[in-house]
Amino acid sequence: MTNQTNSNTPYPDYALAQYSAYQTLVSSNLYELPINIKKLIRSYGIHIQTYADFAKDCHISMDNVVFMCASEEMAVP
């Protein structure tokens, strides 16, 4: 969501970002603030789970999960 100036320096296109965010919410049937992130994620069929759950489901250690995912935040299987 960036535009290019004549000097090829990227800058954010805030209008495009706002429009895209609005379209995302409308297509997800979310019309209230604050946005329920879990509903938004579910509307796209994305499943997010904790590393602990991911490790348990895959029968591997937490250290292996952190190493494989290169993050200590969360796993998106």
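What's counted below: heavy atoms across the whole structure, side chains too, no hydrogens, waters or symmetry copies. Index from 1, following the sequence.
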- Query: Would you find more than 12 non-hydrogen atoms of other residues, nucleotides or ligands less than 6.0 Å from Glu32 atom CD?
  - Reply: no
- Query: Between atom CG of Leu25 and atom CG of Leu40, what is the distance when rounded to the nearest 0.5 Å?
  - Reply: 6.5 Å
- Asp53 side, atom CG; Ile48 side, atom CD1 - distance, nearest 0.5 Å: 12.5 Å
- Message: Taking side-chain hydrogen bond (donor to acceptor under 3.5 Å, both in side chains) as the definition, give me every residue that meets it alongside Asn36, ordered by chain and number, with sequence neighbours left out.
- Response: none
Side-chain donor/acceptor pairs under 3.5 Å, residues 58-66, sequence neighbours excluded:
from, atom 1, to, atom 2, distance (Å)
Ser61, OG, Asn64, N, 3.1
Ser61, OG, Asn64, ND2, 3.4

- Item | side-chain hydrogen bond (donor to acceptor under 3.5 Å, both in side chains) partners for Ser43, two or more places apart | Ser28
- When Ile, Leu, Val, Met, Phe, Trp and Tyr are grouped by side-chain heavy atoms lying under 4.5 Å apart, directly or through other members, which residues fall in the same group as Tyr22? Val26, Tyr31
- Item | Contacts of type side chain to side chain contact (heavy atoms under 4.5 Å, CB included), residue Asp57, not counting sequence neighbours | Gln49
- Message: Starting from Tyr14, can I reach Tyr19 by hopping between I/L/V/M/F/W/Y residues whose side chains sit under 4.5 Å apart?
- Response: no
